[in-house]
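One structure coming up, written as structure tokens, with questions to follow.
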Amino acid sequence: HHEGFSEIYRSTGALSAPTFDAGNMYISSKAGYVVALDKQDFEEKWLFDNRGPIDQSPLVANGQAFWGLRDGSVMAVNSETGTKTWVHKSEGYKTYPLSLHAGILFAASGDEKLYALDALDGGTLWEYDAEDLIVGSVAVFNDVIVLNTANGYVNVIDAKSGKRKFFIKVQGLSGSPTIVNDKVVVGDNRGYIYEIDTDNRAYPFERA
């Protein structure tokens, strides 16, 4: 305890931001593991060694914890025991945060594809080929997925089928899309912010 701060855990590698559920706190480490700590006393409940660095916080929902690895794997473990429930492997690295919607786990990959996985068993429901490097995590709302690519394409995809509804080209994208009031908000490399209505492909505003 020092100046109002208490050290509750120490890692041999950089730690992610913690994520929480009702009873636990979950942290991933550049040292290659994910650890679950009890929220009350911070005692370690389990530690899962991936033998490779993890670049984002675990995603925890419905009794499972999920994360991606640079070797192309998406891991799922029981959030109370740390026991592996499934693993999905593809060719591209998984360095962006995962997203979950209606029982579907969405994983953007370095092989330029977005994978929709069944959260229960890891089965591939569909793949979307962006034909360009995906930038940042995806945004999910109202059964629509939005992802950005390095060459400036905002892809709007149907979450159930994986079919592209439409795309919009802007002047390069450097981050993830954001949802505000049921509109997609993205920023480009020139310093512009765009708000996109996913129902009618319109630009309600464009502001420097």
Side-chain angles (χ1 to χ4, degrees), residues 15-22 25-28 54-62 64-68 74 79 92-119 125-208:
L15 296 173
S16 72
T19 53
F20 301 88
D21 62 11
M25 175 171 67
Y26 305 86
I27 313 170
S28 63
I54 305 166
D55 295 292
Q56 72 280 322
S57 303
L59 172 65
V60 183
N62 302 323
Q64 292 192 96
F66 310 92
W67 59 87
V74 175
S79 60
Y93 52 79
K94 304 294 190 301
T95 58
Y96 294 129
L98 306 174
S99 300
L100 183 68
H101 176 72
I104 304 175
L105 191 71
F106 298 101
S109 177
D111 61 6
E112 302 183 354
K113 293 181 180 179
L114 175 68
Y115 292 87
L117 308 176
D118 189 314
L125 301 175
W126 51 258
E127 301 174 10
Y128 174 76
D129 189 352
E131 300 179 357
D132 189 13
L133 183 65
I134 298 172
V135 178
S137 57
V138 303
V140 187
F141 76 110
N142 292 344
D143 291 327
V144 170
I145 304 162
V146 184
L147 65 84
N148 294 341
T149 66
N151 288 328
Y153 290 93
V154 182
N155 296 258
V156 179
I157 307 161
D158 182 86
K160 295 179 179 179
S161 67
K163 303 296 184 183
R164 185 174 66 195
K165 297 179 67 175
F166 62 91
F167 65 83
I168 290 175
K169 179 74 166 68
V170 299
Q171 193 67 34
L173 294 158
S174 56
S176 306
T178 302
I179 305 301
V180 180
N181 297 327
D182 288 340
K183 301 292 191 301
V184 179
V185 178
V186 299
D188 73 7
N189 292 336
R190 300 176 303 166
Y192 284 82
I193 294 172
Y194 299 87
E195 182 187 79
I196 302 167
D197 188 329
T198 60
D199 291 327
N200 60 22
R201 311 187 188 195
Y203 294 88
F205 75 80
E206 177 181 317
R207 176 179 300 165

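Since the model is a prediction, treat every value here as computed from it, not as a measurement.
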Subject >> The single option from I196, V180, V146 passing side-chain contact (heavy atoms from CB on, under 4.5 Å) against V185 >> reply: V180
Original post:
Can we say E195 and K183 salt-bridge, meaning some charged N sits less than 4.0 Å from an Asp/Glu carboxylate O?
Top reply: no
Subject >> D111 side chain vs K113 backbone, donor-acceptor pair below 3.5 Å >> reply: yes
Subject >> Flag side-chain contact, heavy atom, 4.5 Å: K165 against I157 >> reply: no
**OP:** Would you check if the side chain of Y26 reaches a backbone N or O of S79 as a donor-acceptor pair within less than 3.5 Å?
**Re:** yes
**OP:** Indicate yes or no: does R190 engage D188 in a salt bridge with an N to O separation below 4.0 Å.
**Re:** yes
**OP:** Indicate whether the side chain of D55 and that of Y96 have a donor and an acceptor atom separated by less than 3.5 Å.
**Re:** no
Original post:
K94 versus S109: any side-chain heavy-atom pair under 4.5 Å?
Top reply: yes
Original post:
For the atom pair CD (E127) and CG (L117), what is the distance rounded to the nearest 0.5 Å?
Top reply: 9.0 Å
Original post:
Would you call I179 and V184 a side-chain contact if the rule is heavy atoms closer than 4.5 Å?
Top reply: yes
**OP:** Would you confirm whether S137, through its side chain, and P97, through its main-chain N or O, come within 3.5 Å as a donor-acceptor pair?
**Re:** no
**OP:** Would you give the length of the straight line joining atom CD1 of I27 to atom OG of S57, rounded to the nearest 0.5 angstrom?
**Re:** 9.0 Å
Original post:
Using a distance-only test with no angle check, is there a side-chain donor-acceptor pair under 3.5 angstrom linking N155 and Y128?
Top reply: yes
**OP:** Assign the ring pair F106 / W126 to parallel, tilted or perpendicular, where the plane angle (0 to 90°) is split at 30° and 60°.
**Re:** tilted
Subject >> Check: T149/N151 side-chain N/O donor and acceptor closer than 3.5 Å >> reply: no
Subject >> Contact check, side chains of P58 and W67, non-hydrogen atoms, under 4.5 Å >> reply: yes
Subject >> Minimum side-chain heavy-atom gap L59-L105 below 4.5 Å >> reply: yes
